[in-house]
Amino acid sequence: MRKLQKLAAGVLEEVLAGTALHQVLPGRLQQLKTPGERGGLQDIVYGSLRQLGRLDAWLAALLERPLTDPQLGWLLRVALYQLAYTRAPAHVVVHNAVTAAGQGWRRGLANAVLRNFQRRRAEVEKIADEQPSARWSHPDWWIDRLQAEYPNHWQGILEASLLHPPFTLRINGRHGDVATYLQRLNEAGMPAHQTGPDAVTLERAVPVHSLPGFDLGQVSVQDAGAQWAARLLDAQPGERVLDACAAPGGKTGHILERACAKTAQGASVGRRAPGGCDVELTALDVDAARLARVQENLDRLHLHATLIEGDAAQPDSWWDGRPFDRILADVPCSASGVVRRNPDIKWLRRPNDIAQFSAQQAVMLESLWRLLATGGTLLYATCSIFGEENDGQVRAFMKRHAQDAERCPLPEPLSDGSLLPNAEHDGFFYALLRKT
């Protein structure tokens, strides 16, 4: 445990210095030998980042004066997280943290802080609850923004953002239905329940390769909220489709799965020849390494798409001039709807980042719109919950395109486009636009 504590503290220090978690954590995981150790490190790091505001407040309340040793501070935050949120024996957590702290005053301070937390927990909890950034473990500006935009829902959004994310699967309709797969999971000792038309959520996460049919492409890991994208886009056999910003390929695969199922259904009634998906799909991404992950996902699913490395905001460098019938514009955003899966985001984002994302989205939306055929549909999608990136962006677009665009109604629970995070799915926004 001592090694895990030191590694976790090092990850937190690097992340809060400005480096994204996905750039820091893999190197630390490679230093561990067993899957159990790697899983333990990941749980500590993600959990500590989710609750960092609270850990900061606890530590400040337990110190008589500001700490001058940053590394010791991160170690103490990790140990406080373990004491409060894990089942690790308290005496083991304290002993290992005190030993990892080093010698002299560092050792004594670590012991005093952690012992005092155990004795004074109710007191420091109350102190933390009086500070919004500690009570909700989000930056003050983030909380203020949610209160202004969602006066009736901001607390639920923040509570959901502190939960451990659900482990949700997408059932490949080419290989069976949800009811059948739920039975297979039950027989494998993996309790689960349905959370969407093609979605099931397991009671606890498991290694993906232990899932029935995963290696055969019968099921994929994908949040239930993200699964709305392919359903709303609703690509039909015979159409030309663009998945812009496609990596890592979860939505790409779902679009093709649904199109293949429709092609097969058409063949069964004699309308189309058997085999294939009868959809020409282009998967675009600016990052070649991330585009390779799209190909890996397609290979596992036994599906085909044309992969292009290119910038959706600069189509002249890659577009062949043939219009698309449907476009998924899954644009870069603040990712404010998925912070429980990426908890470093809320600490690394700054208020002016939202306007920068909004400007980028507007350019991308304009660029993709001219690639869309008349009568075609574009699905604008974000994993943000901030209005400037979502409904505000779409309203501004509709003003600019009053003559050639209409906004299509969406089904419940997406009547206004917003899917706020809760226990069963992350936060997303969707707007379906038709070119008239």
Before you tell me yes or no, could you show the steps for Leu284 and Asp243 under side chain to side chain contact (heavy atoms under 4.5 Å, CB included), namely the whole-Å CA-CA distance, both residues' side-chain angles and the distance that decides it to 0.1 Å? CA-CA 6 Å; Leu284 176 77; Asp243 183 0; over 6 Å; no
Taking the side chain from Arg50 and the backbone from Arg340, do they hold a donor-acceptor pair closer than 3.5 Å? yes
Would Val78 and Leu80 count as a side chain to side chain contact (heavy atoms under 4.5 Å, CB included) if you check the C-alpha gap in whole Å, the side-chain angles of each, and the deciding distance to 0.1 Å? CA-CA 5 Å; Val78 166; Leu80 288 170; over 6 Å; no
Could you check whether any side-chain heavy atom of Gln5 comes within less than 4.5 Å of a side-chain heavy atom of Gln82, counting everything from C-beta outward? yes
Worked check of side chain to side chain contact (heavy atoms under 4.5 Å, CB included) between Val331 and Phe357: CA-CA 9 Å; Val331 297; Phe357 277 117; over 6 Å; no
What residues, two or more places apart in sequence or in another chain, satisfy salt bridge (Lys or Arg N to Asp or Glu O under 4.0 Å) together with Arg293? none
Go through it in stages, so that I can follow the logic: the residues are Glu37 and Lys3, the test is salt bridge (charged side-chain N to carboxylate O under 4.0 Å, His left out), and I'd like the CA-CA distance, side-chain angles, deciding distance and then a yes or no. CA-CA 9 Å; Glu37 289 178 321; Lys3 184 176 183 180; over 6 Å; no
Per side-chain contact (heavy atoms from CB on, under 4.5 Å), Leu49 is matched among Ile44, Val11, Leu16 by Leu16
Test of understanding: with salt bridge (Lys or Arg N to Asp or Glu O under 4.0 Å), list the residues that count as partners of Asp325, not counting sequence neighbours. none
Does any N or O in the side chain of Asn342 come within less than 3.5 Å of the main-chain N or O of Val338, such that one atom is a donor and the other an acceptor? yes
With no hydrogens and no angle check, do the side chains of Asp299 and His302 hold a donor and an acceptor under 3.5 Å apart? no
Per the ring pair (Phe, Tyr, Trp, His ring centres under 6.0 Å) rule, what does the pair list look like for residues 207-232, sequence neighbours excluded? His209-Phe214
Crowded around Lys6 NZ? As in, over 12 foreign heavy atoms under 6.0 Å? no
How many angstroms lie between CZ in Arg170 and CG in Asp223, if you round to the nearest 0.5 Å? 12.0 Å
Would a distance-only check, ignoring hydrogens and angles, find a side-chain to backbone donor-acceptor pair under 3.5 Å from Glu239 to Val241? no
Checking Lys346 side chain against Ser336 main chain: does a donor-acceptor pair fall under 3.5 Å? no
Does Gln71 have more than 12 heavy atoms from other residues, nucleotides or ligands lying within 6.0 Å of its CD? no
Chi angles and distances behind the side chain to side chain contact (heavy atoms under 4.5 Å, CB included) call for Arg326, Leu378: CA-CA 6 Å; Arg326 297 183 195 250; Leu378 181 149; over 6 Å; no
Ser137 side-chain N/O to Ala134 backbone N/O, donor-acceptor pair under 3.5 Å: no
Against Ser220, only a single residue in His254, Arg300, Gln227 fulfils side-chain hydrogen bond (donor to acceptor under 3.5 Å, both in side chains); can you say which? Arg300
If a pair satisfies salt bridge (Lys or Arg N to Asp or Glu O under 4.0 Å) and one of its residues is in residues 86-111, list it, with sequence neighbours excluded. Asp69-Arg106
Is the shortest heavy-atom distance from the side chain of Leu25 to the side chain of Leu41 under 4.5 Å? yes
Looking at Asp426 and Arg341, is there a salt bridge between them, counting it only when a charged N and a carboxylate O are closer than 4.0 Å? yes
Applying salt bridge (Lys or Arg N to Asp or Glu O under 4.0 Å), name anything that partners Asp330, two or more places apart in sequence or on another chain. Lys251
Residue pair Phe428 / Leu414, side-chain heavy-atom distance below 4.5 Å: no
Do the non-hydrogen side-chain atoms of Pro139 and Ser133 ever get within less than 4.5 Å of each other? no
Just verifying a value: how many Å separate Arg65 CZ and Leu109 CG, rounded to the nearest 0.5 Å? 9.5 Å
Give every residue pair that meets the salt bridge (Lys or Arg N to Asp or Glu O under 4.0 Å) criterion with at least one member in residues 188-210, sequence neighbours excluded. Asp198-Arg231
Answer yes or no: is there a donor N or O on one side and an acceptor on the other, between the side chain of Asn172 and the main chain of Gly217, under 3.5 Å? yes
Any side-chain heavy-atom pair of Arg400 and Glu366 under 4.5 Å: yes
Sequence neighbours excluded, which residues qualify as salt bridge (Lys or Arg N to Asp or Glu O under 4.0 Å) partners of Arg121? Glu125
Could you give all pairs that pass the salt bridge (Lys or Arg N to Asp or Glu O under 4.0 Å) test and reach residues 126-141, with sequence neighbours left out? Arg54-Asp129
Do side-chain atoms of Asp344 reach the backbone of Val15 as a donor and acceptor pair under 3.5 angstrom? no
Does a side-chain heavy-atom distance below 4.5 Å link Leu169 with Gln222? no
Would a distance-only check, ignoring hydrogens and angles, find a side-chain to backbone donor-acceptor pair under 3.5 Å from Ser48 to Val45? no
After noting the C-alpha distance and the side-chain angles of Thr168 and Thr201, does the key distance pass the side chain to side chain donor-acceptor pair (under 3.5 Å) rule? CA-CA 4 Å; Thr168 302; Thr201 298; 2.8 Å; yes
Asp43 (side chain) donor-acceptor with Gly40 (main chain) under 3.5 angstrom: no
Going by salt bridge (Lys or Arg N to Asp or Glu O under 4.0 Å), name the pairs with one or both residues in residues 307-320, residues two or more places apart or in two chains. Arg240-Asp320, Asp316-Arg370, Asp320-Arg322
Below 3.5 Å, can you tabulate the donor-acceptor pairs from side chains in residues 150-161 to any protein atom, sequence neighbours excluded?
{"unit_1": "Tyr150", "atom_1": "OH", "unit_2": "Ile385", "atom_2": "O", "d": "2.7"}
{"unit_1": "Ser161", "atom_1": "OG", "unit_2": "Ile157", "atom_2": "O", "d": "2.9"}

According to ring pair (Phe, Tyr, Trp, His ring centres under 6.0 Å), does anything in residues 337-356 pair up with another residue at least two apart or in another chain? List the pairs. none
Donor-acceptor pairs under 3.5 Å, side chain of residues 387-394 to any protein atom, not counting sequence neighbours: which ones?
{"unit_1": "Glu388", "atom_1": "OE1", "unit_2": "Arg145", "atom_2": "NH2", "d": "2.8"}
{"unit_1": "Glu389", "atom_1": "OE1", "unit_2": "Ser334", "atom_2": "N", "d": "2.8"}
{"unit_1": "Glu389", "atom_1": "OE1", "unit_2": "Gln361", "atom_2": "NE2", "d": "3.1"}
{"unit_1": "Glu389", "atom_1": "OE2", "unit_2": "Ser334", "atom_2": "OG", "d": "2.6"}
{"unit_1": "Glu389", "atom_1": "OE2", "unit_2": "Ser384", "atom_2": "OG", "d": "2.6"}
{"unit_1": "Asn390", "atom_1": "OD1", "unit_2": "Thr382", "atom_2": "OG1", "d": "2.6"}
{"unit_1": "Asn390", "atom_1": "ND2", "unit_2": "Ser384", "atom_2": "O", "d": "2.9"}
{"unit_1": "Asn390", "atom_1": "ND2", "unit_2": "Phe386", "atom_2": "O", "d": "3.4"}
{"unit_1": "Asp391", "atom_1": "OD1", "unit_2": "Arg407", "atom_2": "NH1", "d": "2.9"}
{"unit_1": "Asp391", "atom_1": "OD1", "unit_2": "Arg407", "atom_2": "NH2", "d": "3.0"}
{"unit_1": "Asp391", "atom_1": "OD2", "unit_2": "Arg395", "atom_2": "NE", "d": "2.5"}
{"unit_1": "Asp391", "atom_1": "OD2", "unit_2": "Arg395", "atom_2": "NH2", "d": "3.4"}
{"unit_1": "Gln393", "atom_1": "NE2", "unit_2": "Ser358", "atom_2": "O", "d": "2.8"}
{"unit_1": "Gln393", "atom_1": "NE2", "unit_2": "Ser358", "atom_2": "OG", "d": "3.3"}
{"unit_1": "Gln393", "atom_1": "NE2", "unit_2": "Gln361", "atom_2": "OE1", "d": "3.2"}

As an exercise, state the distance from CD of Gln42 to CZ of Arg38, rounded to the nearest 0.5 Å. 10.5 Å
Kindly indicate whether the side chain of Gln147, heavy atoms from C-beta on, has any atom under 4.5 Å from the side chain of Ile143. yes
Should Leu372 and Pro323 count as side-chain neighbours, where that means a heavy-atom distance under 4.5 Å? no
